[in-house]
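Provided herewith is a single structure, encoded as structure tokens, for subsequent inquiry.
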Amino acid sequence: MDIFVHFKSVIVEVIAQMGHGELDMSRINAEPPRDKTHGDIATNAAMILCKPLAMKPRDLAQNIAELLQAHADVSSVEVAGPGFININVAPSFWASRFASLVAQKTDFGKPEKNNIKLMVEFTSANPTGPIHIGHVRGTVFGDSLANLLDWAGYDVFREYYVNDAGSQIITLARSAYLRYCEVLGDEINIPEGFYPGDYLVPVGEALVEQYGDKLKQMDESQYIPLVREFVMAAMFEMIKSDLLLLDVKFDNFFSERELHANGAIEQTLGDMRARGLVYQGTLPAPKGQLPDDYEEREQTLFKATDWGDDIDRALIKSDGSFTYFAADLAYHRDKYLRGYKQQIDVLGADHGGYVKRLKAAVRAVSNNDAELDVKICQIVKLLKNDEVQTMSKRAGNFVTLKDLYNEVGKDPIRFMMLYRKNEAPIDFDFDKVTDKSRENPVFYVQYAHARTYSIMRQAKVALDGFDAEQFDFTETDLTLLTDESEINLIKSLLNWPKVALTAAEFHEPHRISFYLFDLAANFHGLWNKGKEMPQLRFIVDDNDALSYARLAMVQAVADVIKVGLGILGVNAPQQMK
RNA sequence: GCCCGCGUAGCUCAGUUGGAUAGAGCAUCGGAUUUCUACUCCGAGGGUCAGGGGUUCGAAUCCUCUCGCGGGCACCA
């Protein structure tokens with residue numbers, strides 16, 4: 001159990017012992033104080049309970065403190081400020097917690113499976129071209145969040161929603177057909193609005209290989225479906241192999257076209273009609289710049305305002321087909337019917353305006369039984385030689401994931417995409433992310449892990465026959481670790497479960513990367529101290545017992561970093577190149 | 001016009017969901033170090049948390065108004 005959860009229960013116990021067990025203690029916390037002179041754990045208990053008990057907070061704090069003092073896990077207690085109770089934890093408690101980290105290794109702090117089904121939908125890029133920089137952040141974020149929630153015990157499913165039903169697929173097919181004609185010797189020019197990227201050239205070649213010139217003898221209505229299927233399959237292979245560059249694998253690719261084909265949208269709308277959630281009505285014209293072809297008309301609307309949206313949403317287009325949103329309703333209903341009451345959608349910054357209606361959709365289709373969290377990932381600004389790399393989608397010169405990968409590799413991409421919270425924009429600097437110095441957090445954290453292995457390799461020589469892989473660190477005397485900087489490192493290690501659980505709870509994987517950077521700094525700092533003070537080195541001459549205890553600590557650093565980097569999807573190397 | 005997000009040190013950003021004297025990296029300044037165990041180390045200065053008002057024991061955090069930046073705003077995907 002997380003130490004803060006443990007001490008909260010100790011505090012609650014003590015208050016019950018005082019005869020106030022019936023009070024509401026939900027707002028009581030037990031947290032690490034910002035200021036280290038305030039002890040290991042601070043609680044606001046007295047300030048929360050002073051009102052119902054009609055006592056002065058400091059008096060109440062004093063009473064609680066006296067009882068806490070008697071607890072075995074507490075070494076000293078003091079009342080401070082407006083009524084905080086600051087607890088210093090008994091060394092024996094740290095030692096026993098640390099011992100369980102040493103024993104549990106990479107499983108330390110990992111909760112039991114909770115069997116809650118949870119779906120993370122991410123990437124969901126239109127299958128009309130390669131994965132590019134605009135998709136990378138959401139992809140890494142979604143994948144790492146899924147890793148994190150998996151670690152936290154959820155039954156996680158990763159899904160990619162494929163927008164294969166819209167007109168852009170037809171445009172894609174036409175664009176591929178042009179390339180096909182080009183391969184057959186035609187002069188082509190690619191009209192505005194078509195996909196100009198040269199990734200369609202191989203598709204054109206493959207079409208020739210498959211069909212020869214037969215397509216040219218068909219009407220458009222005949223060849224388009226053929227080309228569409230062909231090019232979609234090709235795009236999929238390309239997207240999947242792009243995603244593999246980042247080690248991202250989906251459990252399922254969900255086709256929008258299926259929803260149209262198998263009647264799921266009609267069914268969804270039928271259900272909603274039966275529940276009175278659909279009506280014929282007219283929406284007020286949007287403010288600001290009106291589209292040229294705007295005309296006010298009566299349409300089929302979803303009563304989204306009943307479920308928290310600002311405006312009701314159209315379900316059927318003027319040509320009689322379903323809107324994109326109608327398909328989305330059916331899609332999220334499908335997730336719910338598959339048993340996912342917890343859903344997360346990861347979207348790009350340009351979809352911010354979509355959040356409310358999606359949440360309304362999930363509430364409506366599940367009748368408030370399911371919950372959706374939408375994570376919006378802000379844009380990534382690419383910098384090279386201090387210049388912003390501009391790109392234009394129209395010209396097709398966007399930076400692809402493959403370009404990025406070829407230049408810097410997987411680890412810097414993944415780590416840097418997670419070194420900001422999702423709502424904050426990222427500056428991705430090509431020159432810095434492969435830098436080998438403290439300025440580059442990717443390197444700094446990976447290096448800390450590599451350094452633990454380096455130490456173990458040296459220990460093999462210094463301590464005859466030692467082998468970190470085989471050695472049973474639970475046999476070492478951990479109470480020998482008493483230096484302040486060692487204790488600080490151990491406390492940082494013991495903070496891992498709280499950090500990881502909080503990150504999981506709030507769907508914020510960036511907390512992991514910041515924690516790892518902090519842990520690495522602690523570890524490197526201790527190492528550096530060993531330069532000046534040989535008695536603080538991990539391997540101490542003529543003191544094997546102390547060396548083993550310190551190696552247990554080094555092993556714990558390795559284990560925590562390995563798990564943390566694993567969640568981020570970043571490699572934990574045994575050696576830096 | 002409306003909705004969403006953001007605004008924290010010179011710069012880029014964290015901030016344990018309401019806690020005590022607001023942190024880190026870079027940059028700046030001041031020292032140490034010359035290869036010692038692996039890609040330097042230690043320290044200092046630097047703040048009206050965009051601004052006003054409110055809620056309470058206590059606000060960067062919650063409410064409200066104002067300003068600035070970004071994104072979005074019938075039927076497109």
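In what follows, every chain begins at residue 1, and chains take the letters A, B, ... in the order their sequences are listed.
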d(CG, A:L347; P, B:G71) in whole Å: 17 Å

Which nucleotide in the set B:A74, B:G15, B:C3 lies at the smallest distance from any side-chain heavy atom of A:A314? B:A74

Report, one line per pair, each donor and acceptor closer than 3.5 Å where one atom sits in a side chain of residues 491-505 of chain A; sequence neighbours left out.
from, atom 1, to, atom 2, distance (Å)
A:K491, NZ, A:D40, OD1, 2.7
A:T502, OG1, A:K498, O, 2.6

For the residue pair A:F514 and A:H510, categorise the inter-ring angle as parallel (less than 30°), tilted (30 to 60°) or perpendicular (more than 60°). perpendicular

Watson-Crick or G-U wobble partner of B:A50, both distances under 3.5 Å: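 Paired with B:A50, as far as the under-3.5 Å criterion goes, is B:U66.
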
My understanding is that a pair needs two contacts under 3.5 Å, Watson-Crick or G-U wobble. By that rule, which nucleotide pairs with B:C73?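 WC or wobble partner is B:G1.
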
Does a side-chain heavy-atom distance below 4.5 Å link A:R550 with A:I455? no

Which is true for A:N86 with a 4.0 Å heavy-atom rule: it touches a base, it touches only sugar-phosphate, or it touches nothing? base

Could you tell me how far B:G15 sits from B:C62 if I compare only their P atoms? Round to whole Å. 13 Å

Who pairs with B:A59 - Watson-Crick or G-U, where each distance is under 3.5 Å: none

Tell me whether B:U40 sits syn or anti, counting syn as a glycosidic angle within 90° of 0. anti

Classify the ring geometry between A:F325 and A:Y354 as parallel (under 30°), tilted (30 to 60°) or perpendicular (over 60°).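 Aromatic pair A:F325/A:Y354 classed perpendicular.
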
Within the 4.0 Å heavy-atom criterion, would you say A:A42 contacts the bases, only the backbone, or no part of the nucleic acid? base

Among A:E258, A:E256, A:E121, exactly one meets side-chain contact (heavy atoms from CB on, under 4.5 Å) together with A:Y331. Which residue is that? A:E121

Please measure how far the C1' atom in B:A74 lies from the corresponding atom in B:C2, and state the result in whole Å. 15 Å

What's the closest nucleotide to the side chain of A:K317 if the choices are B:C76, B:A74, B:A14?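 Looking only at heavy atoms from C-beta outward on A:K317, the closest nucleotide is B:C76.
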
Test side-chain contact (heavy atoms from CB on, under 4.5 Å) on A:V540 and A:Q535 and set out the steps. CA-CA 7 Å; A:V540 191; A:Q535 72 274 17; 5.7 Å; no

Taking the same atom, P, in B:G45 and in B:A24, what whole-Å distance lies between them? 11 Å

Tell me, do A:L551 and A:F466 make a side-chain contact under 4.5 Å, heavy atoms counted? yes

Counting side-chain heavy atoms from CB outward, which of B:U16, B:A77, B:C39 is closest to A:N163? B:A77

Applying a 4.0 Å non-hydrogen cut-off, can you work out what A:P284 is touching in the nucleic acid: base, sugar-phosphate, or nothing?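 Nothing, no heavy atom under 4.0 Å.
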
Rounded to whole angstroms, how far apart are CG on A:L519 and C1' on B:A24?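 From A:L519 CG to B:A24 C1': 15 Å.
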
Taking atom P in both B:U66 and B:G71, what distance in whole Å separates the two?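 Straight-line distance between the two P atoms is 22 Å.
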
Roughly how many Å apart are B:A20 and B:C4, using the C1' atom of each and rounding to a whole number? 34 Å

OP1 or OP2 of B:U16 less than 4.0 angstrom from a side-chain nitrogen or oxygen of A:H510, does that happen here?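 Negative; the distance criterion is not met.
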
Can you tell me how far P in B:G30 sits from the matching atom in B:A50, rounded to whole Å?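 B:G30 and B:A50 have their P atoms separated by 32 Å.
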
Once you apply a heavy-atom cut-off of 4.0 Å, does A:N44 come out as touching a base, just sugar-phosphate, or nothing? base

What does A:R457 touch in the nucleic acid at a heavy-atom separation under 4.0 angstrom: a base, only the sugar-phosphate, or nothing?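 Base, at least one base atom sits under 4.0 Å.
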
Tell me which nucleotide, if any, is Watson-Crick or G-U wobble paired with B:U40 when both distances must be under 3.5 Å.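 B:A32 is the nucleotide pairing with B:U40.
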
So if I take every side-chain heavy atom of A:Y324 and compare against B:G15, B:C75, B:C76, which nucleotide ends up nearest?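 From the listed options, B:C76 comes nearest.
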
CZ of A:R313 to CG of A:L358: how many Å apart, nearest 0.5 Å?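 If we round to the nearest 0.5 Å, A:R313:CZ and A:L358:CG are 10.0 Å apart.
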
Round to a whole Å and report the spacing from NZ of A:K381 to P of B:C11.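 In whole Å, B:C11 P lies 13 Å from A:K381 NZ.
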
Name the nucleic acid region contacted by A:G166, choosing base, sugar-phosphate or nothing; use a 4.0 angstrom heavy-atom cut-off, strictly under. sugar-phosphate

The side chain of A:S318 is closest to which nucleotide in this list: B:G15, B:A74, B:C75? B:C75

With centres under 5.5 Å and planes under 30° as the test, does A:F84 stack with B:A20? yes

Would you please say whether a donor-acceptor pair under 3.5 Å links the side chains of A:D345 and A:H351?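 Not at all, the side chains of A:D345 and A:H351 share no donor-acceptor pair under 3.5 Å.
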
Could you work out the separation of B:U12 and B:G46 based on their C1' atoms and round it to a whole Å? 16 Å

Are a donor atom and an acceptor atom from the side chains of A:N163 and A:Q168 found within less than 3.5 Å of each other? no

Ring-on-base stacking between A:H38 and B:A20, under 5.5 Å between centres and under 30° between planes: is it there? yes

Under a 4.5 Å cut-off applied to non-hydrogen side-chain atoms, are A:L526 and A:F538 in contact? yes

Within the sub-3.5 Å range, which N or O atoms of nucleotides 54-64 of chain B have a protein N or O partner, and how far apart are they?
from, atom 1, to, atom 2, distance (Å)
B:C57, OP1, A:K51, NZ, 2.9

What nucleic acid atoms does A:F443 come within less than 4.0 Å of, heavy atoms only: base, sugar-phosphate, or nothing?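 Base, at least one base atom sits under 4.0 Å.
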
Identify each atom pair where a protein N or O and an N or O of nucleotides 26-37 of chain B are less than 3.5 Å apart, giving names and distance.
from, atom 1, to, atom 2, distance (Å)
B:U37, O4, A:R537, NE, 2.9

Applying a 3.5 Å limit to both distances, which nucleotide forms a Watson-Crick or G-U wobble pair with B:A24? B:U12

Would you indicate what A:E295 reaches in the nucleic acid, counting non-hydrogen atoms under 4.0 angstrom: base, sugar-phosphate, or nothing? base

Using the P atom in both, what is the distance from B:C49 to B:G25, to the nearest Å?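 Result for the P pair: 22 Å, nearest Å.
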
Quiz question: by atom type and distance under 3.5 Å, do the side chains of A:T300 and A:Q280 form a donor-acceptor pair?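 Side chains of A:T300 and A:Q280: pair found under 3.5 Å.
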
Would you indicate what A:A80 reaches in the nucleic acid, counting non-hydrogen atoms under 4.0 angstrom: base, sugar-phosphate, or nothing?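 Counting heavy atoms under 4.0 Å across all strands, the contact made by A:A80 includes a base.
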
